[in-house]
Participant: 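Before anything else, here's the structure in question.
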Amino acid sequence: MSGVLLAALGFAGAGFLFLLKFLLKLLEPLLQKDLEEGIPWLVARLVRRAARKLPVEHQQRFEEEWLTELTAIPGVMVFKLRFAVRVYLRASSTGRAMQGRPPWWEEVLRRLVQAIVRAWGSYMAPIEEYAARERARRQGFGYSLSPLVRKAIGFLAGVVRGAREVGQEALEASRDPESWEWLHRLLDWSRDKPDDDQAGGTEVMRMVIGLPDKTVSQLCRTVRRQVGKVFPANSKAPGQVVISGESAAVEEATRRALAAGAKEVLALQGEPGQPG
Amino acid sequence: MTLQTKLVLRALSKNPLKPRYGLEISKESGLPDGSIYTILARLETAGLLHSAWEDIDPSTEGRPRRRHYWLTGEGVRIAREVAASTPSLTWASRPGGAE
């Protein structure tokens, strides 16, 4: 029984192969004609489509250039097809290059870095403000904190400040359109960054009188984004807020506080938090 | 600067004033044909490369005119720097490239 089944399967297979061969023989001239005419048509179409991905003013030039290059490619039609496919796949990048824009992957990476830094900043700013306030209190007013807590706050402030600066530098550097240069700049910066404690002597303080604490805090945040470091260091009484930070940023915060309706902004001397 | 850009600049620096068309540049730089126009466009936008149509009569030559590229003064300077700093650079020497 199994012998009969095997013989039947053998006959069926042979019949199928015979039919397939017959059909291929029949279609061969048609397929050949299709390939001969189809590939050049496809190549020209790919090149024209690629040119259309470029800025309008360059389309004609590159279509002509690429079609000319095709005539110089030796060998079978498949090589021309390979050229056309490569041109087509890179046409978007070519268009970006003509507009002086960075490659797409670099733009994606830059946006990613910016998003991370923005998120980082929004989490870190309140901690940094708190740390700055605590630092000012313990230096100026003998705030009753145990030495261990003081050290912990000082350490936290240093870590947060350093991390924020790295983030800000990354954000600024990531806006640089030079390919990968921003990464090198970031690495160089982290090696060459001067120690803040050694730099010293650049911090100034002012007391803003006649503005709510919240307004001063918001104002400092805005100036931090645009000019430099300035923080509300201490609130001596409602409507009397000490701000401290880099001189340029403090100057700008002073100007804005007066414009926002502060009665007076007094210059203070000494360490942040100490009365002048 | 990417590896491909360096290879193109190195290839062009060998004879900076000789005008070359795209296929010639890809052959000399060792890069796949059809993949160098992005680099050429970037270099041209940056002012390191000039390009112009070949001045021929297509009916006499029996072929269409080609777009020729050659380095500008600044391009020559940078290409020489690249060539001096990366004497053994090849497309095959990239990470993952065939040796």
Side-chain angles (χ1 to χ4, degrees), chain A residues 43-44 46-47 49-51 53-55 57-106 109 176-184, chain B residues 1-9 19-70 74-75 78 81-82 85 91 94-95:
Chain A
V43 166
L46 276 172
V47 165
R49 285 271 173 127
K53 288 185 178 184
L54 305 179
E57 64 271 24
H58 296 289
Q59 287 180 2
Q60 203 180 348
R61 168 200 148 176
F62 274 88
E63 186 180 323
E64 186 181 346
E65 182 176 351
W66 288 335
L67 288 172
T68 307
E69 299 276 46
L70 278 171
T71 62
I73 295 174
V76 293
M77 206 62 200
V78 177
F79 294 151
K80 293 180 198 287
L81 181 62
R82 189 180 61 184
F83 173 87
V85 168
R86 280 180 182 150
V87 159
Y88 180 80
L89 292 177
R90 285 174 172 83
S92 297
S93 302
T94 309
R96 294 174 73 89
M98 284 163 188
Q99 293 165 328
R101 291 165 65 196
W104 66 267
W105 53 265
E106 203 182 305
L109 193 64
D176 192 342
E178 284 294 318
S179 173
W180 289 109
E181 279 299 312
W182 63 271
L183 187 61
H184 296 298
Chain B
M1 194 182 289
T2 60
L3 172 63
Q4 291 97 318
T5 310
K6 283 179 184 172
L7 286 169
V8 168
L9 282 173
R20 296 164 169 92
Y21 61 100
L23 278 183
E24 259 183 314
I25 298 170
S26 67
K27 209 175 286 175
E28 288 180 29
S29 61
L31 291 169
D33 58 15
S35 67
I36 58 158
Y37 299 96
T38 310
I39 299 160
L40 296 178
R42 204 171 286 284
L43 291 173
E44 204 175 348
T45 309
L48 303 182
L49 212 59
H50 273 314
S51 76
W53 288 111
E54 196 181 16
D55 189 18
I56 59 155
D57 180 8
S59 56
T60 317
E61 295 288 326
R63 63 170 174 83
R65 60 184 183 157
R66 289 168 178 156
R67 188 83 183 178
H68 276 158
Y69 294 89
W70 66 99
E74 179 67 1
I78 290 178
E81 275 178 23
V82 168
S85 63
W91 180 235
R94 72 195 188 279

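These numbers were taken from a predicted model, which means no experiment stands behind them. Values reported hereafter were calculated over all heavy atoms of this structure, with side chains retained and with hydrogens, waters and symmetry mates removed. Letters go in sequence order (proteins before strands), and every chain restarts at 1.
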Participant: Between B:Arg63 and chain A, with a heavy-atom cut-off of 4.5 Å, which part of the residue counts as in contact: side chain, backbone, both or neither?
Facilitator: neither
Participant: Considering non-hydrogen atoms only, spot the tightest contact between A:Trp66 and A:Phe83 and give its length.
Facilitator: O-CE2, 3.8 Å
Participant: Could I get the full list of side-chain hydrogen bond (donor to acceptor under 3.5 Å, both in side chains) partners for A:Arg86, not counting sequence neighbours?
Facilitator: B:Asp33
Participant: Compare all side-chain heavy atoms of B:Leu7 with those of B:Leu31 and state whether any distance is below 4.5 angstrom.
Facilitator: yes
Participant: Chain B heavy atoms under 4.5 Å from A:Ser93: which part of the residue, side chain, backbone, both or neither?
Facilitator: both
Participant: Among all residues two or more places apart in sequence or in another chain, which pass the side-chain hydrogen bond (donor to acceptor under 3.5 Å, both in side chains) test with B:Glu81?
Facilitator: B:Arg77
Participant: Under a 4.5 Å heavy-atom cut-off, does chain B meet the side chain of A:Arg82, its backbone, both or neither?
Facilitator: side chain
Participant: If you compare all heavy atoms of B:Thr38 against all heavy atoms of A:Ala97, which two are closest, and at what distance to 0.1 Å?
Facilitator: O-CB, 3.7 Å
Participant: B:Thr45 versus chain A, heavy atoms under 4.5 Å apart: side chain, backbone, both or neither?
Facilitator: side chain
Participant: So which residues of residues 49-58 of chain B are in contact with chain A at a heavy-atom cut-off of under 4.5 Å?
Facilitator: B:Ser51, B:Trp53
Participant: Does the side chain of A:Thr94 come within less than 4.5 Å of B:Ile39's, by heavy atoms?
Facilitator: no
Participant: Which value, rounded to the nearest 0.5 Å, describes the distance between B:Leu40 atom CG and B:Leu48 atom CG?
Facilitator: 11.5 Å
Participant: Could you tell me whether the side chain of A:Met98 reaches within less than 4.5 Å of the side chain of A:Phe62, counting heavy atoms only?
Facilitator: yes
Participant: Please classify the contact between A:Ile73 and chain B as side chain, backbone, both or neither, with a heavy-atom cut-off of under 4.5 Å.
Facilitator: both
Participant: Mind listing the closest non-hydrogen atom pair of A:Arg90 and B:Gly34 along with its distance?
Facilitator: CD-O, 4.2 Å
Participant: Residues of residues 21-28 of chain B under 4.5 Å from chain A (heavy atom pairs)?
Facilitator: B:Tyr21, B:Gly22, B:Leu23
Participant: Measuring only between side-chain heavy atoms, which start at C-beta, is A:Gln60 closer than 4.5 Å to A:Glu63?
Facilitator: no
Participant: Under a 4.0 Å N-O cut-off, is there an ion pair linking B:Arg67 with A:Glu64?
Facilitator: no
Participant: Does A:Lys53 make a cation-pi contact with A:Tyr88 (under 6.0 Å, within 45 degrees of the axis)?
Facilitator: yes
